[in-house]
Amino acid sequence: MRLSVSLSVRLSARREEDPVKELFGKLADGTEIHNWPLENGGTRMNVLSYGGIVRSLEIPDRNGQYANVSLGFDRIEPYVDSSPYFGALIGRFGNRIAKGAFTLDGEPYALSVDDGENSLHGGADGFDRRVWDVEPFTEGTDVGLRLSYTSADGEMGYPGTLRAQVTYTLTAEGDWRIDYEATTDKATVVNLTSHVYWNLAGAGSGTIEGHELSIAASRFTPTDTGLIPTGELAPVEGTPFDFRTAKPIGRDLRTGHPQLLAAKGYDHNWVLDKGITAEPEHAATLHDPVSGRTLRIATNEPGLQFYSGNFLDGTLVGGGGGTFRQGDALCLETQHYPDSPNHPSFPSTVLRPGETYRTTTIHTFHA
Ligand code: BGC
């Protein structure tokens with residue numbers, strides 16, 4: 001009710017300062033995909049209606065020099081044909097569900113299997129490949145976009161009609177805030193996240209091994225060779241997974257730890273010490289000593305997937321002309337733990353009719 005009232009007010013009172021869309025390209029069936037430029041507090045973004053994709057995110061370095069720090073393309077085709085989720089919204093379920101199968105309330109469900117024998121990031125046609133409705137807004141000193149997508153009952157094998165709304169807000173301080181919301185008409189599982197590939201020195205500028213990362217987590221979830229959590233919450237202490245104090249990402253990358261060998265690098269979920277919190281709390285800090293750019297991430301989610309760009313193989317050319325090779329970017333995906341539906345001991349990802357799924361992640365930039 002409140003939503004429909006505010007929507008109609010916004011439509012009739014479109015403000016001059018609201019973001020304005022541009023045509024970006026067309027899908028094979030002729031569907032127009034738009035690009036939405038956003039700018040506030042010194043941060044500039046371009047967002048697509050396709051996949052809610054952050055096509056670029058520009059921030060200054062310590063000398064005020066801007067660079068795009070999020071990997072992306074300048075045409076729609078590579079997003080459709082070959083994107084490893086660059087900048088995309090991920091749903092219905094971030095990361096893997098073992099064998100694309102789970103049971104809920106005694107009912108077995110078979111999901112779209114798109115990663116070996118497992119289901120990854122919502123299946124073959126996840127939220128990253130859907131066209132979202134986009135509504136721009138300006139509220140006080142905030143500027144942003146409300147993206148909505150309704151996923152039909154049974155889509156990619158998931159039960160229930162899932163109504164998802166994701167709000168991207170750029171604040172007057174230049175922070176990028178993501179608010180995720182979803183409701184369902186049948187019991188289901190949901191785990192939404194964002195798949196930006198960060199390189200704080202600039203997309204296409206080379207390796208992120210010199211970036212310093214800290215993660216506020218004393219444990220992580222080790223995986224099997226298919227990158228499915230074993231169920232154990234293992235201490236990071238004394239392992240390459242210890243990022244409690246900031247260290248360069250490359251420091252322990254070649255130590256031959258069996259978990260690093262299996263994943264070709266870091267591709268794991270960290271169990272944030274703060275757990276699930278009512279408000280977003282600090283999760284991780286990423287710093288590039290060369291440019292001076294720093295990203296801080298706060299969330300109310302209990303987990304963080306740190307993926308060190310292991311599968312980037314030098315075959316993709318970005319919007320700025322640079323090529324992306326292994327370790328040329330990293331993802332920090334706030335989430336519930338992978339494969340939660342098959343691990344009753346993990347925090348639950350079940351959403352039931354009448355409940356609203358709500359999570360928030362805030363990205364803060366400094367130089
Ligand atoms: C996963 C990786 C996967 C990548 C897709 C990450 O979130 O953890 O295993 O390859 O997404 O590009």
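For ligands, and for the atoms within them, numbers begin at 1 and follow the listed sequence. The basis for the numbers below is simple: all heavy atoms, side chains too, and nothing from hydrogens, waters or symmetry mates. Fair warning: this is a prediction, and the values are worked out from it, not measured in the lab.
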Original post:
Any side-chain donor-acceptor pair under 3.5 Å between S56 and N46?
Top reply: yes
Original post:
Do D328 and T207 come within less than 4.5 Å of each other through their side chains, counting heavy atoms only?
Top reply: yes
Subject >> Ring-face cation of R55 near F73 (centre distance under 6.0 Å, axis angle within 45°) >> reply: no
**OP:** Could you tell me whether Y85 and H121 have their ring centroids closer than 6.0 angstrom?
**Re:** yes
Original post:
Under a strict 4.0 Å criterion on non-hydrogen atoms, which protein residues are in contact with ligand 1?
Top reply: P84, Y85, N95, R96, H121, H195, Y197, L227, D267, Q305, Y307, F311, E333
Original post:
Tell me, which pairs form a side-chain hydrogen bond (donor to acceptor under 3.5 Å, both in side chains) where one or both residues lie in residues 107-120, sequence neighbours left out?
Top reply: R96-D115
Original post:
Does any donor atom in the side chain of S151 or R92 lie under 3.5 Å from an acceptor atom in the other side chain?
Top reply: yes
